Amino acid sequence: MGVFTMKFLRKIGNFFVAAIPYWIFVGIQLAVSTVGTIILTFIEIAKAAPSGNIDPNDLTESILSSQSVLIISVVANIACIAAALIEFKVRKLKFKDISPVNQNKKVYIFAFVFTIGAFFVLQTANAAFLGIMGVTEADSTQEMLASSTLFTFIIALTAPFSEELVFRGLMVKTFGTYFSTPFSVIAITAAFMVLHSANMKCYALLFGLVLMFLRYKFGDWKLCLVFHFTANLMSCLLTLLGDDTADRVMSVGTVVGLVIAAAAVYFMIKFANKPQKEKLSVGMD
């Protein structure tokens with residue numbers, strides 16, 4: 001077997017090893033979804049059993065209802081957070097290992113402002129992409145979130161924490177062990193994008209790139225959490241406003257969003273604690 005072939009196979013192996021946090025994350029999501037669906041099926045059958053009238057269509061509709069899916073999503077996020085924390089223990093990692101720089105309060109404030117501006121820009125870019133692709137149907141995830149205010153805010157809180165622990169936390173460390181920074185950024189962002197629905201692929205791609213920029217530029221993982229949580233919360237609030245009001249807010253927000261985001265980034269860089277060169281990459285891709 002040639003030297004090139006051996007190097008290629010080693011890189012493939014390194015990739016799958018570096019992506020272990022991702023495989024665990026996806027595995028837990030699938031496992032919780034499967035088990036949750038089975039449990040809900042038995043519950044619905046038990047409810048319908050006394051009457052002796054078990055309609056498969058009604059059964060399917062109940063299992064796949066918005067509230068059922070949201071409950072499963074919340075449980076899956078909590079399970080992923082627990083798994084990520086266990087992985088931290090196994091790898092003997094501490095939070096300072098994924099967040100080597102503690103930025104000051106000014107940077108956090110401007111990160112919050114940056115998120116507000118960037119959110120409208122990213123949403124507009126996603127809408128433009130969908131328009132070019134001829135996609136007109138609404139995003140199913142957004143419709144589900146609009147169906148339950150309580151679970152909307154629970155997901156807005158849990159999803160960013162679970163995803164940031166895995167993608168901008170563990171995966172930055174594992175990919176940095178084997179690959180260069182540019183390759184790590186591309187691979188982690190692509191993995192993040194794949195998890196999102198078809199209508200949100202462009203948004204997730206741009207969203208993931210912004211998060212990776214924050215992680216590498218400022219060295220503070222908590223900034224990614226601020227950005228992700230704030231953006232999710234804004235998305236939930238926008239969904240709850242209704243179509244007409246949301247469209248008006250988006251029209252105004254898009255005009256000023258780019259200016260706000262650009263100004264906020266300028267001040268973030270100006271006031272940031274300058275991180276030393278973070279040794280994340282010890283290999284070449």
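Quick caveat: nothing in here was measured; it's all calculated off a predicted structure.
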Side-chain hydrophobic cluster, 4.5 Å single linkage: members besides Val121: Leu258
Connected hydrophobic set around Val90, excluding itself, where side chains approach under 4.5 Å: Ile86
Whether Phe16 and Trp23 hold their rings parallel, tilted or perpendicular, with breakpoints at 30° and 60°: parallel
Sequence-distant partners of [X], salt bridge (Lys or Arg N to Asp or Glu O under 4.0 Å), two or more places apart:
X: Lys201; answer: none
X: Arg248; answer: none
X: Glu163; answer: none

Residue pairs, two or more places apart or on separate chains, that pass ring pair (Phe, Tyr, Trp, His ring centres under 6.0 Å) and touch residues 233-268: Phe110-Phe267
ILVMFWY network linking Val194 to Ile186, side-chain heavy atoms under 4.5 angstrom: no
Quick one: list whatever passes side-chain contact (heavy atoms from CB on, under 4.5 Å) with [X], sequence neighbours left out.
X: Met250; answer: Phe120, Gln123, Thr124, Leu238, Thr254
X: Ile109; answer: none
X: Phe15; answer: Phe175, Phe179, Phe183, Ala187
X: Val255; answer: none

Considering all heavy atoms, the nearest Ser184-Met212 contact: O-CE, 4.2 Å
Residue pair Met268 / Leu214: nearest heavy atoms and the distance that separates them: CE-CD2, 3.8 Å
By ring pair (Phe, Tyr, Trp, His ring centres under 6.0 Å) - contacts of Tyr203 (at least two apart): Phe207
Counterpart residues, ring pair (Phe, Tyr, Trp, His ring centres under 6.0 Å), relative to Phe229 (two or more places apart): none
Residue that, paired with Glu87, satisfies side-chain contact (heavy atoms from CB on, under 4.5 Å) out of Ile20, Leu93, Leu165: Ile20
